[in-house]
Amino acid sequence: KLILNEIFGTDNFIAQLVWKKKAGGGSDSRYFATDHEYVLVYAKCEKLQEKFYVDIGEKLKDDYEYRDLNYEKFGPYKKRPMQLPPGLETDRPNLKYAIKCPDGTELWTPVIWKWSEETFLKAKREGKIDFIKGRNGKWQIYTKMYLYDEDGEQYKTKPRSLLLDVGLTRDGNQNLKDLFNDEKPFNYPKPVNLLKYLLSINSDKDSIILDSFAGSGTTGHAVLDLNKDDRGNRKFILIEMEDNVAKEITSVRIKKA
């Protein structure tokens, strides 16, 4: 991190991610089994860096289980409470107002609403509000969060600092064995899925990806896979010491021969 701070500048440091690299094992550890490594994220210029977004993934798509008259345009939706939870700043007069429910009763929030009255009424006219009457006879109000936006783009979410389901060390080993007929010519290869996930956060379909320490070439593999997935035209530049690569590949050929 000190080296990267010197290269990119401390102002361009964005995040330190925690990658869960293995599951199980660790019986030979004296105190704690180390399950993680770190991924350091820097920007070339943090002030000009656009926000990061990633696909929500298949698991979270299951939360979008409801359909309405907007389905053809926005796809399915999930419900989110109109009322914000306690503990937030409540001194927001524009977020405190009465909402008229379907039976004509008025509902006030003990905290604050998520939207201003103007925004709420617009959403209500567009059919983007759900009124649900509970068993206790009280109304609950939900906003509808659709899977697609006005431009037909699928909703994306912010990436998390914990990388829990993006590949393990053993997956990297298997990636190489699949390519080299059960041989493993490189030690400690990173899993392709980890690199694919990281690249998906901030690369577009025409990006050029640079890896200054190519190792087993996982970055190139990940770029090719991403291009196959979304028909992208990403290119990559991998840098590695020629002697190391030649030595590893030659040893595999000799073993096969």
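Using a 4.5 Å heavy-atom cutoff, the side chains of I237 and I209 are not in contact. At least one side-chain heavy atom of I99 sits less than 4.5 Å from a side-chain heavy atom of I141. Contact of the K47 side chain with the D11 side chain is not registered, since no non-hydrogen atoms from C-beta on lie closer than 4.5 Å. Side-chain contact between F8 and K44: absent, with no pair of heavy atoms (C-beta onward) separated by less than 4.5 Å. Contact annotation: the side chain of P191 approaches that of W19 to within less than 4.5 Å [non-hydrogen atoms, C-beta and beyond]. Within the 4.5 Å cutoff, no side-chain heavy atoms of K20 are placed close to those of L163. Considering only heavy atoms from C-beta on, V39 comes within 4.5 Å of L198 through its side chain. Counting heavy atoms from C-beta outward, L195 and K190 have side chains that approach closer than 4.5 Å.
Remark: the E117 side chain and the N94 side chain contain no N/O donor-acceptor pair separated by less than 3.5 Å. The closest side-chain donor-acceptor pair between Y155 and D149, if any, does not fall under 3.5 angstrom. Between the side chains of D165 and Y197, no donor-acceptor pair of N or O atoms lies under 3.5 Å.
Hydrophobic clustering of Ile, Leu, Val, Met, Phe, Trp and Tyr side chains at less than 4.5 Å, counting indirect connections, unites V41 with L194. Linking Ile, Leu, Val, Met, Phe, Trp and Tyr whenever their side-chain heavy atoms come within less than 4.5 Å leaves V111 and L107 in two separate clusters. Placement of F131 and L121 within a single hydrophobic cluster is found when ILVMFWY residues are connected by side-chain heavy-atom separations under 4.5 Å, directly or transitively. M145 is connected to L147 through a chain of hydrophobic side-chain contacts under 4.5 Å among Ile, Leu, Val, Met, Phe, Trp and Tyr, so both are in one cluster. A single hydrophobic cluster is seen to contain both F13 and L4, as judged by linkage of ILVMFWY side chains at heavy-atom distances under 4.5 Å, directly or through other members.
Summarising the geometry of W115 relative to A123, their closest heavy-atom pair is CZ3-CB, 3.6 Å, with the distance given to 0.1 Å. Between S216 and T218 the shortest heavy-atom distance is OG-OG1, 3.1 Å. Across every non-hydrogen atom of Y148 and G152, the tightest pair is CD2-O, 3.5 Å. Closest approach of P189 to N173, counting heavy atoms only: CD-OD1, 3.2 Å. Taking all atoms of both residues into account, the shortest heavy-atom contact from T34 to K21 is O-CE, 3.8 Å. When every heavy atom of G75 is checked against every heavy atom of Y146, the shortest pair comes out as O-CD2, 3.6 Å.
With S203 contributing its side chain and L199 its backbone, the two residues share a donor-acceptor pair below 3.5 Å. At least one donor-acceptor pair closer than 3.5 Å links the side chain of T143 to the backbone N or O of R80.
Remark: N227 pairs with V223, R234 by the side-chain contact (heavy atoms from CB on, under 4.5 Å) rule, at least two apart or across chains. Residues meeting the salt bridge (charged side-chain N to carboxylate O under 4.0 Å, His left out) test with K61, sequence neighbours left out: E58. Not counting sequence neighbours, the partners of K133 by the side-chain contact (heavy atoms from CB on, under 4.5 Å) test are D103, W139.
Taking CD1 of I201 as the start and CZ of F52 as the end, the distance is 7.0 Å to the nearest 0.5 Å. Atom CD of E126 and atom NZ of K124 lie 13.5 Å apart (nearest 0.5 Å). We find the CG-NZ distance between D229 and K196 to be 4.0 Å, quoted to the nearest 0.5 Å. For the atom pair CG (L95) and CG (L84), the distance works out to 7.5 Å, reported to the nearest 0.5 Å. Note that OG of S200 and CG of D225 are 12.0 Å apart. Values are rounded to the nearest 0.5 Å. Going from atom CG of L224 over to atom OG1 of T219 covers 11.0 Å, rounded to the nearest 0.5 Å.
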Do M82 and Y142 pass the side-chain contact (heavy atoms from CB on, under 4.5 Å) test, and can you show the C-alpha distance, the side-chain angles, and the key distance before you say yes or no? CA-CA 5 Å; M82 177 68 182; Y142 297 90; over 6 Å; no
Start with the C-alpha gap between V18 and Y38, add the side-chain angles, then the distance that decides, and say whether side-chain contact (heavy atoms from CB on, under 4.5 Å) holds. CA-CA 5 Å; V18 179; Y38 299 104; 4.0 Å; yes
Assess the residue pair L210 and I239 against the criterion (side-chain contact (heavy atoms from CB on, under 4.5 Å)); give the C-alpha distance rounded to whole Å, side-chain angles, the decisive distance to 0.1 Å, and a yes or no. CA-CA 8 Å; L210 170 65; I239 303 171; 3.9 Å; yes
Full working for ring pair (Phe, Tyr, Trp, His ring centres under 6.0 Å) between Y77 and Y64: CA-CA 5 Å; Y77 71 92; Y64 293 77; 8.8 Å; no
Could you give me the CA-CA distance, side-chain angles and deciding distance for K144 and D68, then say whether salt bridge (Lys or Arg N to Asp or Glu O under 4.0 Å) is met? CA-CA 10 Å; K144 298 178 180 180; D68 62 6; 2.9 Å; yes
Working note: Q16 + K1, criterion side-chain contact (heavy atoms from CB on, under 4.5 Å); need CA distance, chi angles, decisive distance, verdict. CA-CA 10 Å; Q16 178 172 290; K1 188 175 181 182; 4.3 Å; yes
Would you please test E150 and K73 for salt bridge (Lys or Arg N to Asp or Glu O under 4.0 Å) and show each step? CA-CA 8 Å; E150 296 280 352; K73 184 175 183 181; 3.2 Å; yes
Using salt bridge (Lys or Arg N to Asp or Glu O under 4.0 Å), reason through E106 and K100 one step at a time and then give a plain yes or no. CA-CA 4 Å; E106 290 188 337; K100 184 175 288 189; 5.5 Å; no
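Under a cut-off of 6.0 angstrom, the local environment of CD1 in I3 is sparse, with at most 12 non-hydrogen atoms contributed by other residues, nucleotides or ligands. For L69, the CG atom is loosely surrounded, since the number of other residues' heavy atoms within 6.0 Å does not exceed 12. For L164, the CG atom sits in a packed shell: over 12 heavy atoms of surrounding residues, nucleotides or ligands are nearer than 6.0 Å.
Of the candidates T10, N5, N12, Y42 forms a side chain to side chain donor-acceptor pair (under 3.5 Å) with just one, namely N5.
Note on ring orientation: taking the six-membered ring where Trp is involved, the planes of Y97 and F120 are tilted (angle from 30° to 60°).
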